[in-house]
Each structure stands twice: as structure tokens, then as C-alpha cells.
Amino acid sequence: MILKNGKFPWKKAAVAVLFIAAFFAGRLAASLRDKNSQESLPVSTEGSWGLSFQEEGEPPVANATKEELAVYDAYYAADTEEKVLYLTFDCGYENGNTPAILEALKKHGVSATFFVVGNFVQDNPELVVQMLEEGHTVGNHTAHHPDMSAIADLESFQAEIEGLEELFYEATGQEITKYYRPPQGKYSERNLSMAQSLGYKTFFWSLAYVDWYQDDQPTEEEAYEKLLGRIHPGAIVLLHNTSSTNAAILDELLTRWEEMGYRFGKLEELYA
């Protein structure tokens with residue numbers, strides 16, 4: 001650009017060059033920070049557990065790989081091509097559906113893992129005892145179901161874990177199996193490390209569907225579409241005990257999975 005006096009605006013040009021140089025330098029520095037961050041942090045360090053299903057019958061892509069999670073004794077699926085699945089239930093409270101779920105599991109001889117919250121244990125000790133008597137595993141879903149990823153200190157984290165342990169012992173006279181599932185799937189790298197330091201193994205999941213809204217339950221057809229179409233070898237399946245749909249379909253669902261050639265394993269197979 002030439003000004004009216006015929007002189008080139010060198011000062012403005014210099015400022016523009018400096019601005020462009022600073023912009024690209026910033027972009028380069030951000031890129032290097034991202035690269036270094038990705039190399040130094042083995043898993044997605046904070047947020048909600050997430051899955052992306054790429055192909056029917058194949059495991060989904062998750063927030064972290066099996067290898068990255070294994071550093072923290074954490075799992076979301078088995079590394080196998082065998083048609084095996086691991087059935088788990090999150091138990092936040094009881095609304096009358098758990099007995100039907102237990103009955104279906106008993107009919108099929110399936111052992112599941114129930115991740116229980118403090119109020120569930122307090123209000124339904126007889127169901128927790130029944131779970132144990134019928135060969136199921138009971139794991140730790142914390143005392144109060146908070147966002148554990150917001151807890152940064154070990155003392156507070158430990159209080160949630162040990163609070164549930166105490167309630168479980170009072171209800172059953174037994175020590176709880178040291179399996180942990182983060183409430184709402186919210187976690188951080190530090191959470192995984194703290195759970196590990198307390199002797200726990202963390203279990204996420206590789207198959208779930210929106211079944212937890214009591215007043216907005218999926219239809220049976222919607223449930224079958226998700227739970228049959230997305231099943232895959234080594235799947236850890238998450239269902240909620242509060243779902244009336246799950247209670248209604250579980251017998252038939254287990255039958256269909258069996259007809260597809262699946263067997264039902266125990267979570268201990270993932271680390272044994």
C-alpha cells in the first residue's frame with residue numbers, strides 16, 4: 001500500500017510482520033504443548049467415560065486404550081476374540097426391579113457384578129445378601145455417588161470408598177470385593193491412581209445404553225437394538241437395576257446372547 005505522500009508505511013508493515021510471527025509461534029508452541037501433554041499423560045485425565053462404536057460386532061473406541069488403563073488396574077473390556085461378556089449392574093437405589101433381575105440371572109446361571117451405592121445397601125440389606133448367596137459379586141460405587149473426578153485429595157476419596165465398605169460389612173458381615181466403578185463414569189487419572197493405592201481395580205464398560213431415567217424408559221425394541229447390535233467379544237456390559245425395561249427383557253436378552261454364542265464370564269478373568 002502507498003500513502004498519499006508516496007511513502008511506504010514501514011512501521012505498520014513491521015507491526016503486521018511481528019503480529020503474524022507471534023501468531024505462528026504461538027500455534028507452534030501450543031502444538032508442542034499438546035504433543036508433550038499427550039506423551040506424558042497415559043489416559044484422558046479428566047471427564048466422563050465415553051465410547052465411539054465404529055463397526056457392529058467390534059469393540060468401541062474408548063477414552064483410553066486397554067494398555068493405558070492397565071497401568072492403573074483399570075479395565076473397560078477384555079482383550080479377546082472369544083465370545084464372552086461380563087454383565088454388571090449399577091445400583092443407585094431400589095424401585096422394585098432388582099428381584100426380577102436376580103430371578104432372570106438365576107434362571108440362566110449367570111453371575112453378575114453389582115456396583116452398589118451407600119443408600120442401596122442401607123435400605124436393602126436383604127437384596128445385597130441375596131446377591132452374595134446367589135453367586136454374584138458386589139463392588140464399590142461409593143457411599144454417596146458424587147463426582148469423584150472433582151475430588152483431588154486422597155483423604156476425601158478414601159472416605160467415599162471406605163464409607164461404602166463399612167455399610168457393606170454392617171449389612172453382610174463380609175468384606176466387599178475391591179472393585180470400583182466411578183459414579184456417572186466421571187474420573188481423572190488421579191482418581192484411578194488413588195483407587196489403585198487403596199487396593200481397588202476400576203471397571204468401566206464397553207456397552208451401555210440410556211436406561212437410568214425411571215420416568216422415560218426405553219422401549220423393549222430400543223433396548224434390544226442397542227444391546228444386541230453392539231455386543232462384542234470381551235464386552236463389559238453396564239445396565240441399571242432401576243430400569244423396568246431391563247427387568248422385563250433380561251430373561252429374553254440373556255437367551256438371545258446365548259443363541260449368539262456368548263458365554264458369561266466373571267470380571268476376575270480380566271486380570272487373573
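Quick caveat, the model's predicted, so the values are computed rather than measured.
Taking 4.5 Å as the limit, every side-chain heavy atom of Y187 sits out of range of all side-chain heavy atoms of S48. Between L250 and F89, some side-chain heavy-atom pair lies under the 4.5 Å cut-off. Taking 4.5 Å as the limit, every side-chain heavy atom of M148 sits out of range of all side-chain heavy atoms of P182. Considering only heavy atoms from C-beta on, Y200 comes within 4.5 Å of I161 through its side chain. With a 4.5 Å cut-off on side-chain heavy atoms, I236 and L270 count as touching. The shortest distance between side-chain heavy atoms of L254 and L87 falls below 4.5 Å. K66 places none of its side-chain heavy atoms less than 4.5 Å from the side chain of Y75. A heavy-atom distance below 4.5 Å is found between the side chains of H141 and R181.
In this pair, F204 and W49 present their aromatic rings parallel. The plane angle is below 30°, not in the 30 to 60° band. Using a 30° and 60° split on the angle between ring planes, Y271 and F203 fall in the tilted class, from 30° to 60°.
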Set out, in order, the CA-CA distance, both residues' side-chain angles and the distance that settles side-chain hydrogen bond (donor to acceptor under 3.5 Å, both in side chains) for N241 and N97, then state yes or no. CA-CA 6 Å; N241 73 309; N97 292 304; over 6 Å; no
Is there a salt bridge (charged side-chain N to carboxylate O under 4.0 Å, His left out) between R256 and E252 once you walk through the steps? CA-CA 6 Å; R256 294 198 192 186; E252 177 65 20; 3.1 Å; yes
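Of the inter-residue distances, the one linking L207 atom CG with L85 atom CG reads 8.5 Å to the nearest 0.5 angstrom. Remark: Y86 OH to S111 OG distance equals 13.0 Å, nearest 0.5 Å. For the atom pair OG1 of T142 and CG of L164, the computed distance is 6.5 Å after rounding to the nearest 0.5 Å.
Side-chain contact check for Y180 and N191: no donor-acceptor pair (N or O, by modelled atom type) lies under 3.5 Å. Q214 and Y93 share a side-chain donor-acceptor pair at under 3.5 Å. In this model, a donor atom of one side chain and an acceptor atom of the other lie less than 3.5 Å apart for Q217 and S243. Side chains of S156 and Q158: a donor-acceptor N/O pair is absent below 3.5 angstrom, by distance only. A side-chain donor from one of E134 and Q130 sits under 3.5 Å from a side-chain acceptor of the other. The closest side-chain donor-acceptor pair between H136 and T113, if any, does not fall under 3.5 angstrom.
Residues R263 and E269 are paired through a salt bridge, judged by an N-O separation under 4.0 Å between the basic side chain and the carboxylate.
No more than 12 heavy atoms of other residues, nucleotides or ligands shown are found within 6.0 angstrom of CD on E56.
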Let me have the donor-acceptor pairs involving side chains of residues 116-124, under 3.5 Å, with sequence neighbours excluded, atom names and distances please.
{"unit_1": "N119", "atom_1": "ND2", "unit_2": "G92", "atom_2": "O", "d": "2.9"}
{"unit_1": "N124", "atom_1": "ND2", "unit_2": "F120", "atom_2": "O", "d": "3.1"}

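Checking each of V237, V84, V110 against F264 for a side-chain contact (heavy atoms from CB on, under 4.5 Å) leaves exactly one that passes, namely V110.
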